[in-house]
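Notes follow the structure.
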Amino acid sequence: MKRGELCEEEEETLFLSHSPSSHMQNSWSHYHNLFPGDSSSSSSRLSVRSPSDYSLSSYFSNGQCNGSSQFTPTTKYDHGLSLCESLLHRLNIREEEEEQEFNNYSVPSFSPRRSCVGSSSDHHHQGSSGNKIHPRLRDLQGYVYLMAKDQHGCRSLQRVLEDGSSIDAMVIFNEVIPHVVELMINPFGNYLMQKLLDVCNEEQRTMIILIVTQEPGLLVRIALNPHGTRVVQRLVESIKTKKQISIVTSALRPGFHNLAINVNGNHVIQRCLQCLTTQENKFIFEDATRFCIDIATHQHGCCVLQKCVAYSTGQQRENLIAQISINSLFLAQHPYGNYAVQFVIEMRDFQATAMVLARLKGHYVELSMQKFSSHLVERCLTHCAESRPQIVLELISVHRFDLLIQDPYANFVIQAALSVAEGSLHAHLIEVIRPHSNLRRNLYCKGIFSRNLMRK
C-alpha cells in the first residue's frame, strides 16, 4: 500500500474517533507506522513503547519541547507540520469534533445563550458559571508556561484568552504567575502577558504588579528590555486603582533618567504621560526639570522632554520652560537640544518666548551660520513677529553680509526673513541684498535672489 494512502486512511480514522482513548490509540498507530523500527527498545529519541508515550506529557518530558523560545522537533508529522504544530492541529480537530457533537444534540430554542465577551459558541462557555473550561485548554493544563514561550503555543493561548471565559483566564493565570518576569522579557511570552493584563481582574493585576515590583529596580529593568517595554506600557494602560498607580510610579521613579534616554524605556515614560493624570505624573515633571540638560541633549530624551512640557500645567510647566530658557543658547547649537527650544517657541506662549529670545539676543548671526541653530533662528522669524525687526537688524548689520548670504545655512535664514518681513522692514532688507546681485549664480544665493522673494 502506498504511503499516501496509508496516511489518508489513518487521518479518516482519527477524524471519526471521539473518545480520548481511541484518539490516543490512533496517534500511537500513526507514529508506529511512521517509525516501524522504533517499536523495540532502542536509543532512539522517538522510540514507541506504548500509546501513553505520545501523550501531551511525553511531548515535554521526551525533550521535544524544552521550554526554550522555540519547539525543536526533529521530525515532521501530519501534512509536514512540526511536532508542536501537529499537537495544536490535533487539539483544534478535537475541539471541532466536540463542538459538532454538541451542536447535534443541543436544542437552541430551549437553551438560553449565556453572554460572554468574545464568545463564539455556547459550548465554549457553558462552564462560565460551572467548572468546565475551554476544550483546547483542557489538554494544555500543566504546560501553559512552556507553551507561552513558543511561537505557536503562545498564539494558541492568546486565542483561548480571547474566546474563553474567566475560568480559562484563571487557569492560565495560575500557571504563568510564578514566571511573570521571565515571560515579560520573552520574545513570545510578552504577547501572552499583554493579553493577560487586558482580561485579568483587578486582584490578579495587583498580584502581577506586586511581583514585578518586589525587587528594587526590577520593573525598570523590564521596561528597558525590548520585549518587556511592551508589557510595562500595557500595564500602565491597564492600572486603575490608586494602589496600583502608586506602586507602579514609585517603582519607576528611581530609574527615570535611564528610562528617558533609553530607546525602549522612553516609551514607558511617554505612556505614563498619556494615560496618567498630571498629579500622578508629578514625579516625571520633577525629575525632567532636574535632569533637563541631560535629557534635552539626548536622541530619545529630547522627545520625552517635549512631551513633558506639553502635558505639564501650572508651576510644573513654568519650571520646565525656565530650565530650557536658561540654557537655550547652548541647547540651540546642539543636534538634539535645539528641538526642545524650537518646541517652546512654537508654543506661542508670550512669557516663555520672551525668556528664550532674551537669551538669544545678540547671537543671531553666529546662530544663523550653524547647522542646528539656524533652524531655531528660522522658527523665531516665523513665530515671533514682535522680535522680527530685532533679528533682521542683527543680520543686516554684519560687517561682511556677502559671507552671510553665501553661507550654506545662513542663506536659508535670509530667505526666511525675506518671506516673512513686510513693509519698510522688507524694503530695508532688499536694499542690503541688491548690491550683491553678482552672486545670484552662487549655489547658496540662488534662493535669495528668487523673483518671488525680491519682488514681494
What's the spacing between [X] [atom1] and [Y] [atom2] if we round to 0.5 Å?
| X | Y | atom1 | atom2 | value |
| --- | --- | --- | --- | --- |
| Y191 | L183 | OH | CG | 14.0 Å |
| R388 | T382 | CZ | OG1 | 7.5 Å |
| E318 | I321 | CD | CD1 | 7.5 Å |
| C200 | I177 | SG | CD1 | 9.0 Å |
| D402 | I433 | CG | CD1 | 12.5 Å |
| Q406 | R400 | CD | CZ | 8.5 Å |

Could you tell me if the side chain of [Y] sits less than 4.5 Å from the side chain of [X], heavy atoms only?
| X | Y | value |
| --- | --- | --- |
| T278 | S312 | no |
| R221 | N225 | no |
| L219 | I209 | no |
| T297 | F330 | yes |
| K307 | I269 | no |
| T229 | L224 | no |
| L357 | C380 | yes |
| F188 | Q151 | yes |

Checking [X] side chain against [Y] main chain: does a donor-acceptor pair fall under 3.5 Å?
| X | Y | value |
| --- | --- | --- |
| S387 | C384 | no |
| T353 | F350 | no |
| H428 | S424 | no |
| E175 | G142 | yes |
| E394 | G362 | yes |
| Q244 | K240 | yes |
| R271 | R234 | no |
| N411 | P408 | yes |

Minimal non-hydrogen separation, [X] against [Y], with atom names:
| X | Y | result |
| --- | --- | --- |
| A417 | V392 | CB-CG2, 4.3 Å |
| S328 | R359 | OG-CB, 3.1 Å |
| N338 | A332 | CB-O, 3.4 Å |
| L305 | A296 | CD2-CB, 3.4 Å |
| L395 | L404 | O-CD2, 3.5 Å |
| F449 | L439 | CE1-C, 4.2 Å |

Going through the distances and angles, do F343 and V309 end up as a side chain to side chain contact (heavy atoms under 4.5 Å, CB included)? CA-CA 9 Å; F343 186 82; V309 175; 3.8 Å; yes
Please enumerate all residues that pass ring pair (Phe, Tyr, Trp, His ring centres under 6.0 Å) together with [X], with sequence neighbours excluded.
| X | answer |
| --- | --- |
| H179 | Y145 |
| H298 | H300 |
| H257 | F291 |

Is there a side-chain hydrogen bond (donor to acceptor under 3.5 Å, both in side chains) between N186 and E182? Walk through the geometry before answering. CA-CA 6 Å; N186 184 269; E182 180 185 356; 5.6 Å; no
In terms of heavy-atom contacts, does [atom1] of [X] have more than 12 from other residues, nucleotides or ligands at under 6.0 Å?
| X | atom1 | answer |
| --- | --- | --- |
| F283 | CZ | yes |
| K242 | NZ | no |
| F401 | CZ | yes |
| E386 | CD | yes |
| F372 | CZ | yes |
| Q315 | CD | yes |

Under 3.5 Å, is there a donor-acceptor pair between the [X] and [Y] side chains?
| X | Y | value |
| --- | --- | --- |
| N319 | Q323 | no |
| S373 | Q333 | no |
| E366 | H363 | yes |
| Q233 | E237 | no |

Scan for salt bridge (charged side-chain N to carboxylate O under 4.0 Å, His left out) pairs involving residues 183-196, sequence neighbours excluded, and state none if there are none. E162-K195
Begin from the C-alpha positions of L360 and L367 and carry the test side chain to side chain contact (heavy atoms under 4.5 Å, CB included) through to its verdict. CA-CA 9 Å; L360 301 181; L367 293 176; 3.9 Å; yes
So the side chain to side chain donor-acceptor pair (under 3.5 Å) pairs with at least one residue in residues 279-290 (sequence neighbours excluded) are R253-E286, T277-E280
Determine whether N266 and Q270 satisfy the following criterion, side chain to side chain contact (heavy atoms under 4.5 Å, CB included), listing intermediate values before the conclusion. CA-CA 6 Å; N266 79 90; Q270 294 188 47; 2.9 Å; yes
For M369 and Y409, what are the C-alpha separation, side-chain angles and deciding distance, and is it a side chain to side chain contact (heavy atoms under 4.5 Å, CB included)? CA-CA 5 Å; M369 301 178 72; Y409 308 114; 5.9 Å; no
Suppose we screen for salt bridge (Lys or Arg N to Asp or Glu O under 4.0 Å). Which residues come up paired with R205, at least two apart in sequence or across chains? E202
Working for side-chain hydrogen bond (donor to acceptor under 3.5 Å, both in side chains), residues N190 and Q194: CA-CA 6 Å; N190 78 89; Q194 292 181 57; 3.0 Å; yes
